[in-house]
Amino acid sequence: MPKWQLTTEVNIFAASNGFQNDPTICTPALQIVMENGAHSPCYYGVQIEDPSTGYNFVNWDSHQAHMDVTDNPEIFPDLQAALRPSLVLPPTITMYHVIFSDDPATGFTQPYTQVTKLDLQQPPFPETREAMKAILSEVASKIGEQFVFGPTYEDGNTYIVICGQTSAEGFWEDSSDTELAPLIQELFNLAKKDFDIHTALSLYAKAA
């Protein structure tokens, strides 16, 4: 059994001017989800490269636990109202659910968090998924606990990679002349980067 079993909801959204100026305006929404099954703490922030894009990360017991909240007519309208100040209207939100290879908290709590979406390109996919997992596992063993990864619930050929860093530099590019270079080359023979960004996340813990 993997030691980390929670499902992380990854939200990427067009951020309102209010959220760009003060990302804490999303915390009432985070409080609602944590009062209804989400784990404390949650993490939120804006993209370094493009501050008009916002992020939040929420841990649940399972994908279904999150769906139970969104499907609940007594909870979801209040959640939508609490989210509205953070969003450009009409909302543009891309959502993924990932069971990461380990607890992502260390990656989320570094000064900068690099978020990468990798899409497998080479069939047959069952075999290449295993190859990709093996490569990423080896990278994680060399980098440490700030590097985690996992396939999305929505598409098993899509992976989200989290890498906590001390600066907003490109992990993949910075590793091109290190011992990781052969692994990274092998990885990008299998998959392509769909996006690769940085954010400086803040933590919000459930209020008593």
Side-chain angles (χ1 to χ4, degrees), residues 7-60 63 65-98 100 104-105 107-119 150-155 158-165 167-171 192-207:
T7 294
T8 302
E9 172 195 355
V10 179
N11 289 307
I12 306 167
F13 55 92
S16 67
N17 288 334
F19 183 86
Q20 293 176 55
N21 293 329
D22 178 15
T24 63
I25 65 171
C26 76
T27 58
L30 300 179
Q31 179 69 20
I32 289 172
V33 296
M34 286 188 287
E35 289 174 350
N36 290 280
H39 288 252
S40 179
C42 299
Y43 304 87
Y44 61 93
V46 298
Q47 186 184 131
I48 302 297
E49 293 85 353
D50 177 9
S52 68
T53 301
Y55 297 83
N56 62 52
F57 299 86
V58 181
N59 291 321
W60 300 87
H63 175 266
H66 179 210
M67 294 301 98
D68 288 345
V69 170
T70 61
D71 292 342
N72 189 320
E74 296 183 0
I75 299 171
F76 193 56
D78 290 341
L79 177 58
Q80 286 181 305
L83 282 170
R84 197 167 292 122
S86 299
L87 306 174
V88 170
L89 300 177
T92 302
I93 305 172
T94 301
M95 182 185 299
Y96 303 99
H97 295 83
V98 184
F100 285 113
F108 290 157
T109 53
Q110 299 304 301
Y112 296 94
T113 301
Q114 186 166 352
V115 185
T116 307
K117 177 174 173 274
L118 298 174
D119 293 322
T152 67
Y153 175 91
E154 291 74 15
D155 182 347
T158 293
Y159 277 65
I160 301 295
V161 180
I162 300 296
C163 184
Q165 296 183 270
S167 65
E169 301 295 331
F171 164 76
K192 68 168 183 153
K193 284 186 286 187
D194 181 68
F195 61 72
D196 184 29
I197 64 86
H198 296 81
T199 180
L201 295 173
S202 297
L203 176 154
Y204 179 71
K206 181 180 178 181

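Along the sequence shown, the residues carry numbers beginning at 1. Because only heavy atoms are used, hydrogens play no part in the values below, and waters and symmetry mates are left out as well, while side chains stay in.
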Original post:
Counting N and O atoms only, with roles assigned by atom type, does the side chain of Thr199 sit under 3.5 Å from a partner on the main chain of Thr113, one being a donor and the other an acceptor?
Top reply: no
**OP:** Measure centre to centre between the rings of Phe13 and Phe19, then say whether the value is under 6.0 Å.
**Re:** yes
Original post:
Taking all atoms of both residues into account, what is the closest heavy-atom pair of Pro85 and Ile25, and its distance?
Top reply: O-CD1, 3.3 Å
Original post:
Side chains of Ile162 and Val115: does their closest heavy-atom pair fall under 4.5 Å?
Top reply: yes
Original post:
Just by distance, with hydrogens left out, do Gln80 and Asp78 show a side-chain donor and acceptor under 3.5 Å apart?
Top reply: no
Original post:
Given side chains that start at C-beta, do those of Phe171 and Val161 come closer than 4.5 Å, heavy atoms only?
Top reply: no
**OP:** Over all heavy atoms of both residues, which pair between Leu89 and Arg84 is shortest? Give the atoms and the distance, please.
**Re:** CD1-CG, 3.7 Å
Subject >> Minimum side-chain heavy-atom gap Asn56-Cys42 below 4.5 Å >> reply: no
Subject >> Test log, rule side chain to side chain contact (heavy atoms under 4.5 Å, CB included), inputs Lys117 and Tyr159 >> reply: CA-CA 6 Å; Lys117 177 174 173 274; Tyr159 277 65; over 6 Å; no
Original post:
To the nearest 0.5 Å, what is the distance between CZ (Phe76) and CG (Asn36)?
Top reply: 12.5 Å
Original post:
Nearest heavy-atom pair of Val58 and Ala38: which atoms, and what distance?
Top reply: CG1-CB, 3.5 Å
Subject >> Close side-chain approach of Tyr112 and Ile48, heavy atoms under 4.5 Å >> reply: yes
Original post:
Heavy atoms, side chains only, cut-off 4.5 Å: are Thr116 and Ile160 in contact?
Top reply: no
**OP:** Give the minimum heavy-atom separation between Glu154 and Tyr96, together with the two atoms involved.
**Re:** OE1-CA, 3.4 Å
Subject >> Distance, nearest 0.5 Å, that separates CD of Gln20 from OG of Ser86 >> reply: 11.0 Å
Subject >> Heavy-atom side-chain contact between His97 and His66 under 4.5 Å >> reply: yes
**OP:** Enter the distance from Thr8:OG1 to His39:NE2 here, rounded to the nearest 0.5 Å.
**Re:** 10.0 Å
Original post:
Strictly by modelled atom types, are His198 and Glu49 linked by a side-chain donor-acceptor pair under 3.5 Å?
Top reply: yes
Original post:
Parallel under 30°, tilted from 30 to 60°, perpendicular over 60°: which one fits the rings of Phe108 and Phe57?
Top reply: tilted
Subject >> Asp119 CG to Lys193 NZ distance, which is reported to the nearest 0.5 Å >> reply: 12.5 Å
**OP:** List the steps, then state whether side chain to side chain contact (heavy atoms under 4.5 Å, CB included) holds for Ile93 with Leu87.
**Re:** CA-CA 9 Å; Ile93 305 172; Leu87 306 174; 4.0 Å; yes
Subject >> Euclidean distance, Gln114 CD relative to Glu169 CD, rounded to 0.5 Å >> reply: 9.5 Å
Original post:
Taking the six-membered ring for Trp, are Tyr43 and Tyr204 ring centroids under 6.0 Å apart?
Top reply: no
**OP:** Taking the side chain as every heavy atom from C-beta outward, state whether Leu201 and Leu203 have any pair of such atoms under 4.5 Å apart.
**Re:** no
Subject >> Nearest heavy-atom neighbours spanning Ala29 and Leu83 >> reply: CB-CD2, 3.6 Å
Subject >> Closest contact, heavy atoms only, Val69 versus Leu79 >> reply: CG1-CD2, 4.4 Å
Subject >> Side chain proximity check, Asp194 to Leu118, heavy atoms < 4.5 angstrom >> reply: no
Original post:
Sub-3.5 Å donor-acceptor pair from the side chain of Thr27 to the main-chain atoms of Leu30, do we have one?
Top reply: no
**OP:** Could you walk me through whether Trp60 and Glu9 pass side chain to side chain contact (heavy atoms under 4.5 Å, CB included), step by step?
**Re:** CA-CA 7 Å; Trp60 300 87; Glu9 172 195 355; 2.9 Å; yes
Subject >> Gln31 CD to Lys206 NZ distance, which is reported to the nearest 0.5 Å >> reply: 7.0 Å
